[in-house]
**Student:** 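I am attaching a structure below and will ask some questions about it afterwards.
Since we're looking at a predicted model, the values are computed, not measured. Residue numbers start at 1 and run along the sequence shown.
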Amino acid sequence: MEIKFNNVSYTYNSPIKKKALTNINIEIRQGRINGIIGRSGSGKTTLIELINALLIPTVGNIKIDDFVIEKNKKIAHINNLRVNIGLVFQLPEEQFFNIRVKDEIKFGMKYFNIKPNEIDKRCSDALKMVGLDDSYLNKETFKLSSGEMRKVAIASILAFNPKVVILDEPTIGLDSNSKKNLIYLIRLLKTKYNKTIILITHDVDLLHQISDHVFVLDNGKIVLEGDKYQVFTDDRLYHYGLEPPKIIEFEKLVQKNKNIKIGYRDEINDLIKDIYRNA
Ligand code: ADP
Ligand code: MG
């Protein structure tokens, strides 16, 4: 699915009037991990809530394949849109409704006319995708670890098989091991299951590791956009309240102080190998 914002602005009306997004013109391409980054209050969550029409632009429109999200226009068959845009909210486990994992995963499917005889299989498949086996089906959601809860929340979205998976601050509250697991899962969603990923985070190191394309929001505007190397080597990042990823800072430092140019690398392990080879 291609997602295109055409001059989109959004103003909240309640509880207070607040312009949250101004003149957004972006394209989110299929099959990539798209990062959205920006300081708190910059408009990240507002932007993704527009994508599945939870919010409707005050100005402009959003085109997603044949769907047009626009003020005063009814979206025909909105469920055909929403079934393809899986939105995992920030701290999704705080919104668990069900005692058993299987019921939590079934819960989301109810809205999308999924054939009853497919539902159980989809539960198992979704759990498998996040790396949990069928023994989790009957476990109690409230007894899971925070990493497992996050995985179940993601599984409940994957169960209806959306083409686009949006994750709002997915690593918040996870220990480093659960975080590693989640990074692995996000990569798998792209490479094995061909999902388009939209990943919101304030963690530049994480985005640098796994994203393909990055959008930087500041005060409701897109201020930087591009290939992750382009964005993360840009000195204007500081200006928008962000620090470059540690690995990039290191690469720049070596270049400046030792006059050694090492190529940019996603993973610290690859960088160490480069340095070792050249030493
Ligand atoms: P982020 O996710 O980047 O932290 P948000 O999209 O949540 O930012 O918010 C963007 C701006 O809109 C912020 O200034 C926030 O305070 C404001 N905002 C968010 N929700 C509402 C609301 N319901 N009413 C008024 N202002 C809001
Ligand atoms: Mg937010």
Side-chain angles (χ1 to χ4, degrees), residues 1-13 18-38 41-90 108-109 111-114 154 157-170 186 189-191 193-201 207 210-228 230-231:
M1 297 197 118
E2 299 281 323
I3 300 168
K4 193 163 188 294
F5 280 63
N6 297 300
N7 207 33
V8 170
S9 295
Y10 185 80
T11 304
Y12 285 101
N13 265 319
K18 165 81 192 172
K19 189 164 191 188
L21 291 174
T22 306
N23 298 342
I24 305 290
N25 287 291
I26 57 171
E27 259 176 76
I28 296 173
R29 302 252 203 87
Q30 206 163 301
R32 298 203 282 206
I33 300 182
N34 299 277
I36 301 178
I37 200 157
S42 57
K44 305 181 294 297
T45 298
T46 307
L47 189 107
I48 54 156
E49 290 187 351
L50 287 162
I51 297 176
N52 80 344
L54 276 178
L55 302 175
I56 304 294
T58 327
V59 180
N61 66 58
I62 299 164
K63 293 205 170 98
I64 304 175
D65 287 355
D66 292 334
F67 295 95
V68 184
I69 308 175
E70 192 169 8
K71 199 173 152 186
N72 301 329
K73 276 199 185 150
K74 192 170 180 314
I75 307 169
H77 309 294
I78 192 164
N79 268 2
N80 292 345
L81 172 68
R82 292 202 170 134
V83 76
N84 277 307
I85 311 282
L87 182 51
V88 184
F89 290 97
Q90 196 170 330
M109 278 191 270
Y111 298 95
F112 300 118
N113 294 326
I114 290 167
I154 295 172
I157 299 298
L158 294 176
F160 54 79
N161 196 23
K163 292 187 177 129
V164 181
V165 177
I166 307 178
L167 301 148
D168 195 349
E169 299 279 8
I186 294 170
L189 290 179
K190 174 187 140 176
T191 55
Y193 300 103
N194 295 315
K195 306 291 183 196
T196 300
I197 308 288
I198 302 175
L199 177 59
I200 291 190
T201 177
L207 261 199
I210 67 169
S211 65
D212 300 301
H213 198 83
V214 177
F215 300 93
V216 181
L217 269 174
D218 191 55
N219 195 21
K221 295 191 177 112
I222 299 285
V223 288
L224 281 176
E225 183 205 329
D227 176 82
K228 67 172 166 193
Q230 236 173 306
V231 170

**Student:** Using the side chain to side chain contact (heavy atoms under 4.5 Å, CB included) criterion, which residues pair with I157? Sequence neighbours excluded.
**Tutor:** V88, F160, P162
**Student:** Surrounding NZ of K190 (heavy atoms of other residues, nucleotides or ligands, distance under 6.0 Å), is the total greater than 12?
**Tutor:**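 Correct, the count exceeds 12.
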**Student:** Does the side chain of F5 reach to within under 4.5 Å of the side chain of I51, using non-hydrogen atoms?
**Tutor:**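 SC-SC contact between F5 and I51 confirmed.
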**Student:** If you take all heavy atoms of I114 and M109, which pair is closest and at what distance?
**Tutor:** CD1-CG, 3.7 Å
**Student:** Check step by step if side chain to side chain contact (heavy atoms under 4.5 Å, CB included) holds for I198 and I48.
**Tutor:** CA-CA 8 Å; I198 302 175; I48 54 156; 4.2 Å; yes
**Student:** Measure the CD1-CD1 distance between I62 and I69 for me, rounded to the nearest 0.5 Å.
**Tutor:** 5.0 Å
**Student:** Is a donor on one side and an acceptor on the other found under 3.5 Å between the side chain of K63 and the backbone of K4?
**Tutor:** no
**Student:** Taking side chain to side chain contact (heavy atoms under 4.5 Å, CB included) as the test, write out the residues that go with N84, two or more places apart.
**Tutor:** M1, K163
**Student:** Which residue in the set R29, E27, E225, Q230 passes side-chain hydrogen bond (donor to acceptor under 3.5 Å, both in side chains) when paired with H213?
**Tutor:** E225
**Student:** For I200 and K44, work out which heavy atoms get closest and say how close.
**Tutor:**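 So the two residues come closest at CD1-O, 3.4 Å.
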**Student:** Please check this pair: side chain of T196 against backbone of G31, looking for a donor-acceptor N/O pair closer than 3.5 Å.
**Tutor:** yes
**Student:** Out of curiosity, D212 CG to K228 NZ, how far, rounded to the nearest 0.5 Å?
**Tutor:**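 Interatomic distance, D212 CG to K228 NZ, rounded to 0.5 Å: 6.5 Å.
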**Student:** Return the CD1 to CD1 distance between I28 and I64, rounded to the nearest 0.5 Å.
**Tutor:** 8.5 Å
**Student:** Does I75 reach the side chain of F67, with side-chain heavy atoms less than 4.5 Å apart?
**Tutor:**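 Contact flag for I75/F67 side chains = yes.
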**Student:** Looking at side-chain heavy atoms only, is the closest gap between L21 and T58 below 4.5 Å?
**Tutor:** no
**Student:** With side chains defined as the heavy atoms from C-beta onward, is the minimum distance between D168 and F89 less than 4.5 Å?
**Tutor:**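 With C-beta onward as the side chain, the pair stays apart.
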**Student:** So do the side chains of V8 and L50 get within less than 4.5 Å of each other, counting heavy atoms only?
**Tutor:** yes
**Student:** In chain order, what residues pass the side chain to side chain contact (heavy atoms under 4.5 Å, CB included) check against N23, with sequence neighbours excluded?
**Tutor:**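 So N23 forms a side chain to side chain contact (heavy atoms under 4.5 Å, CB included) with N7, S9.
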**Student:** Say you draw a straight line from OG of S211 to CD1 of I36; how long is it, rounded to the nearest 0.5 Å?
**Tutor:** 11.0 Å
**Student:** Using every non-hydrogen atom in the two residues, find where L81 and A53 come nearest and quote the distance to one decimal.
**Tutor:**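 Looking at all heavy atoms of both residues, the closest pair is CD2-CB, 4.4 Å.
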**Student:** Atom CG of N113 and atom CG of N79: how far apart are they, to the nearest 0.5 Å?
**Tutor:**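 That separation rounds to 7.5 Å.
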**Student:** Taking C-beta and beyond as the side chain, do L55 and Y12 meet within less than 4.5 Å on heavy atoms?
**Tutor:** yes
**Student:** Using modelled atom types only, decide if a donor and an acceptor are shared between the side chain of R32 and the backbone of I197 within a distance under 3.5 Å.
**Tutor:**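 The answer is no, because no donor-acceptor pair under 3.5 Å joins these two groups.
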**Student:** If we only count heavy atoms from C-beta on, is the L217 to I37 side-chain gap below 4.5 Å?
**Tutor:** no
**Student:** Under the side chain to side chain contact (heavy atoms under 4.5 Å, CB included) rule, what do V231 and V216 come out as? Steps first, then yes or no, please.
**Tutor:** CA-CA 8 Å; V231 170; V216 181; 3.7 Å; yes
**Student:** Decide side-chain hydrogen bond (donor to acceptor under 3.5 Å, both in side chains) for K19 and N219; before the verdict, give the C-alpha distance in whole Å, the side-chain angles of both, and the deciding distance to 0.1 Å.
**Tutor:** CA-CA 9 Å; K19 189 164 191 188; N219 195 21; over 6 Å; no
**Student:** To the nearest 0.5 Å, what is the distance between CG (L158) and NZ (K195)?
**Tutor:** 6.5 Å
**Student:** State which residue, out of T45, T46, L47, fulfils the side chain to side chain contact (heavy atoms under 4.5 Å, CB included) condition with E49.
**Tutor:**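 For E49, the side chain to side chain contact (heavy atoms under 4.5 Å, CB included) test succeeds with only one of T45, T46, L47, which is T45.
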**Student:** Determine whether L199 and I210 make a side-chain contact, defined as any pair of heavy atoms from C-beta on separated by less than 4.5 Å.
**Tutor:**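 SC-SC contact between L199 and I210 confirmed.
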